[in-house]
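Right, one structure below, let's go through it.
Note that ligands are numbered from 1 as they come in the structure, with each ligand's atoms numbered from 1 the same way.
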Amino acid sequence: MPDELYRMSAVDIARNIRNGKLQLRETVEYFLNRIRTYNEKFGVFISLVESINTRENAPFPVPYALKDNILALGTRTTCGSRILENYHSPYDATVTMRLKEAGAVLLGKTNMDEFAMGSTTEFSAFFVTRNPWNIEKVPGGSSGGSAVAVATGMVPFALGSDTGGSIRLPASFCGVVGFKPTYGLVSRYGLVAFGSSLDQIGPIAKTVEDCAFVTSIIAGYDPKDSTTSKKRVDFLNGLNDNIRGVRVAYPRNLLEYEALDADVRDAFFESLKMLEKAGCEVKPVEMPLLEKSVAVYYIIAPGEASSNLARYDGMRYGLRVQEEGLDATYHGTREIGFGEEVKRRILMGTFTLSATYYEAYYDKALKVRRLIANELNNVLSENDLIMLPTSPVKPHNIGEVQSPLTYYLMDIYTIPANLAGLPAVSVPVCLSDGLPVGVQFMGKRYSDPLVLRVAHNFEKMRGEFPLPKI
Ligand code: GLN
């Protein structure tokens with residue numbers, strides 16, 4: 001067993017297992033060992049899977065991890081919340097089922113901000129996850145556990161969920177690749193709902209090719225999720241083709257955002273130059289409405305969340321704090337079961353959806369969401385891609401950011417893709433003060449293969465990205 005197996009991509013591991021150069025059982029044992037060694041230090045797994053089935057001759061026999069809001073029969077699915085602390089998955093999510101059929105081996109469920117609300121993984125009810133590049137820093141979120149599992153080589157790939165950036169942001173903070181596919185290409189059946197019109201499952205891995213390959217397994221129409229598309233997309237199509245002539249736009253006004261870190265800005269413009277060298281046509285555009293994305297998202301996402309989370313009432317799921325009478329039981333259960341950030345979202349959502357304020361807030365946010373989508377689609381009708389930084393800032397210290405508004409604003413570059421249902425990928429560019437910086441490529445709906453192709457070419461020009469010394 002090579003000592004450095006954790007450096008290998010998921011696609012290479014699968015190839016080596018299929019042609020007999022690696023044994024699946026030993027490979028699984030190797031990654032379990034790494035989990036045993038490093039899990040406590042970084043706070044990654046909420047639970048590990050006990051009985052592991054292995055099939056060597058399957059198409060994709062690779063160990064992996066799931067964010068703990070994705071169901072896998074026989075595992076607990078806590079969503080990082082007390083209210084679901086003892087909730088056992090009654091069935092497999094469609095993505096879990098498809099990976100199982102392909103032979104992938106689930107090793108465990110990863111830590112996350114409670115109900116995927118957050119950008120740092122500090123809001124798990126259980127423990128914080130730490131950035132492997134500097135354990136004082138946040139790993140990004142809300143899929144921080146999945147990103148750290150990959151960056152520390154505990155698994156070759158993991159799945160996360162992305163409602164406003166939760167795959168791409170932690171991928172960027174941890175120096176790995178995170179991909180949010182076009183809304184509707186990957187089934188949400190078995191993903192615990194947060195903001196249903198925004199939520200999307202996707203992969204986190206060390207390479208773009210791994211992300212493309214994993215997506216090709218989990219994607220596809222699913223009769224159990226009526227928002228899935230019947231369109232067939234070949235995520236690996238043209239991955240290795242060159243990118244000469246690809247038209248890349250970047251929103252000039254958003255790069256003047258005052259909270260944008262100077263190093264992140266430099267890394268972004270260096271990346272643009274690399275694309276120009278590869279023959280892309282790069283040009284600045286003005287996208288004034290994109291600046292409203294955060295405001296719109298923080299009305300729509302809490303609105304949907306307040307409705308989705310109404311089901312946790314102590315009657316049907318998880319925790320019940322039995323009190324005298326129904327109302328008191330609801331109250332007691334939700335008081336103890338939900339953390340501060342989740343309560344804040346439920347309050348905001350209930351407020352904006354209430355009869356008195358609906359038209360002033362929620363209805364207006366829906367209209368602006370449409371305008372933002374139009375602005376994106378207009379730019380994408382004359383260009384193939386939009387390029388953005390992934391996060392305006394580098395990872396900060398755990399506990400440092402206290403104001404909700406400050407971390408809501410960290411999502412400024414990732415939210416637009418969710419509002420318009422577009423595919424977007426975050427790829428690491430460089431290290432700055434020893435911390436990774438990522439850049440993001442976003443495309444038209446269903447242009448996932450082009451987005452991945454540009455990201456893959458970018459990765460080749462950049463050269464191998466280091467893994468953290470842990
Ligand atoms: N940070 C955003 C939020 O807190 C996005 C979370 C996500 O994508 N799940 O809502």
Distance-only donor-acceptor pairs under 3.5 Å for side chains of residues 346-359, two or more places apart:
from: Thr350; atom 1: OG1; to: Ile346; atom 2: O; distance (Å): 2.5
from: Thr352; atom 1: OG1; to: Met348; atom 2: O; distance (Å): 3.3
from: Thr352; atom 1: OG1; to: Gly349; atom 2: O; distance (Å): 3.3
from: Ser354; atom 1: OG; to: Phe351; atom 2: O; distance (Å): 2.7

Sorted by chain and residue number, the residues with a non-hydrogen atom under 4.0 Å of ligand 1 are Ala116, Met117, Gly118, Ser119, Ser142, Asp162, Thr163, Gly164, Gly165, Ser166, Phe194, Tyr297, Tyr298, Arg345, Asp411
Ring-plane angle category for Phe115 and Tyr312, please: parallel below 30°, perpendicular beyond 60°, tilted otherwise.
tilted
Can a side-chain donor-acceptor contact be found between Ser89 and Thr75 if the only test is distance below 3.5 angstrom?
yes
Can you name the residues that form a side-chain contact (heavy atoms from CB on, under 4.5 Å) with Ser403, not counting sequence neighbours?
Leu405, Thr406
Parallel under 30°, tilted from 30 to 60°, perpendicular over 60°: which one fits the rings of Tyr408 and Tyr298?
parallel
Those residues that, when tested against Lys67, pass salt bridge (charged side-chain N to carboxylate O under 4.0 Å, His left out) (two or more places apart)
none
